[in-house]
Student: 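One structure follows; several queries about it will come next.
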Amino acid sequence: MSENSFLRQELAPTAETIHAALGDKTLWYEGLLAATPDFEPEWLYHGKKYGWKLKVHDGAKALFELTLIESGFRVSIAVREGELETLRGNPATAACLSSLPPLGKAGWGLRIEVTDADAFHKALLLVQAVAEIRRQE
């Protein structure tokens with residue numbers, strides 16, 4: 001079973017239901033969106049197994065996906081090999097990467113469970129860094 005708080009298609013996330021699910025963690029959710037104003041947020045339904053996810057994208061590629069879970073939210077960032085090397089070359093983002101679970105081989109997926117302030121700051125730093133790399137392309 002998925003940890004997604006919004007599995008049912010007929011219960012699309014709204015500002016009210018997001019706030020009800022996240023409580024005081026809503027500020028972190030809003031902070032991630034505010035940090036990426038030139039990327040478009042779009043809620044998409046991925047079927048009854050995966051539910052609703054927020055895709056934040058530039059039209060061509062997702063910057064990150066966000067899934068609301070019981071304890072907060074999960075941020076998933078797919079990075080290209082060159083982007084990963086740039087992140088590893090920056091001391092601040094390299095420290096964030098070293099604190100995350102090992103990367104899988106497919107898609108260089110970074111996953112951060114945002115359940116506390118430290119995790120939020122790591123997610124924010126990585127999202128902003130990847131967004132800046134993509135803006136320069």
Student: Quick check: do Leu33 and Leu54 have side-chain heavy atoms less than 4.5 Å from each other?
Tutor: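 They are in contact (side-chain heavy atoms under 4.5 Å apart), so the answer is yes.
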
Student: If you look at every heavy atom in Leu110 and Leu126, which pair is closest and at what distance?
Tutor: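 Scanning both residues, the minimum pair turns out to be CD1-CD1, 4.5 Å.
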
Student: Would Glu132 and Gln128 count as a side-chain hydrogen bond (donor to acceptor under 3.5 Å, both in side chains) here? Give the steps.
Tutor: CA-CA 6 Å; Glu132 185 56 33; Gln128 288 175 317; over 6 Å; no

Student: Kindly indicate whether the side chain of Val56, heavy atoms from C-beta on, has any atom under 4.5 Å from the side chain of Leu66.
Tutor: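 Contact flag for Val56/Leu66 side chains = no.
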
Student: Just by distance, do the side chain of Thr86 and the backbone of Gly82 share a donor-acceptor pair under 3.5 Å?
Tutor: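 Judged by distance alone, yes, a pair lies under 3.5 Å.
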
Student: Quick one: NE2 on His19 to CG on Asp24, what's the gap to the nearest 0.5 Å?
Tutor: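 Result: 8.5 Å between the selected atoms.
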
Student: Tell me whether Thr36 contacts the main-chain N or O of Phe39 through its side chain, where contact means a donor paired with an acceptor under 3.5 Å.
Tutor: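 Looks like no, no N/O pair under 3.5 Å.
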
Student: Search all heavy atoms of Cys96 against all heavy atoms of Leu125 and return the closest pair with its distance.
Tutor: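 For Cys96 versus Leu125, the nearest heavy atoms are SG-CD2, 3.5 Å.
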
Student: Can a salt bridge be assigned to the pair Arg74 and Glu113 using a cut-off of 4.0 Å between side-chain N and carboxylate O?
Tutor: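 Yes, charged N to carboxylate O under 4.0 Å.
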
Student: Please report the closest heavy-atom contact between Ala119 and Thr115, naming both atoms and the distance.
Tutor: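 Smallest interatomic distance, heavy atoms only, reads CB-N, 4.1 Å.
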
Student: Quick one, Glu81 and Leu84 - any side-chain contact, counting heavy atoms below 4.5 Å?
Tutor: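 The answer is no, as the side chains (C-beta and beyond) never meet within the 4.5 Å cut-off.
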
Student: Which pair of non-hydrogen atoms, one from Lys122 and one from Ser99, has the smallest distance, and what is that distance?
Tutor: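 Distance-wise, the nearest heavy atoms are NZ-OG, 3.0 Å.
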
Student: Report the distance from atom CG of Leu22 to atom CG of Leu68, rounding to the nearest 0.5 Å.
Tutor: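 Taking CG in Leu22 and CG in Leu68, the distance rounds to 5.0 Å.
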
Student: Any carboxylate oxygen within less than 4.0 angstrom of a Lys/Arg side-chain nitrogen, looking at Asp38 and Arg135?
Tutor: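 Yes.
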
Student: Tell me whether Lys25 contacts the main-chain N or O of Ser71 through its side chain, where contact means a donor paired with an acceptor under 3.5 Å.
Tutor: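 Checked: pair present.
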
Student: Do Asp58 and Leu63 come close enough that some side-chain heavy atom pair is under 4.5 Å?
Tutor: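 No; the side chains remain at least 4.5 Å from each other.
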
Student: For the pair Tyr29 and Phe73, name the ring-plane relationship: parallel under 30°, tilted 30 to 60°, perpendicular over 60°.
Tutor: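 Ring orientation, 0 to 90° scale: perpendicular.
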
Student: Any side-chain heavy-atom pair from Leu44 and Glu42 closer than 4.5 angstrom?
Tutor: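 With C-beta onward as the side chain, the pair touches.
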
Student: Can Lys55 and Glu40 be counted as an ion pair, charged N to O under 4.0 angstrom?
Tutor: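 Salt bridge flag = no for Glu40 with Lys55.
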
Student: How close do Trp28 and Phe120 get, counting heavy atoms only, and between which atoms?
Tutor: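 Shortest heavy-atom contact: O-CE1, 3.2 Å.
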
Student: Does Glu83 reach the main-chain N or O of Arg80 with its side chain, forming a donor-acceptor pair under 3.5 Å?
Tutor: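 Yes: the side chain of Glu83 pairs with the backbone of Arg80.
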
Student: Any donor-acceptor pair under 3.5 Å linking the side chain of Tyr50 with the backbone of Lys53?
Tutor: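 Here the side-chain-to-backbone pair does not exist.
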
Student: Please examine the side chains of Arg88 and Leu97, heavy atoms only from C-beta on, and report whether any two atoms are closer than 4.5 Å.
Tutor: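 In contact.
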
Student: For a quick test of reading the model, state the closest non-hydrogen atom pair linking Ala123 to Val114 and the distance between them.
Tutor: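 Of all heavy-atom pairs spanning Ala123 and Val114, the closest is CB-CG2, 3.9 Å.
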
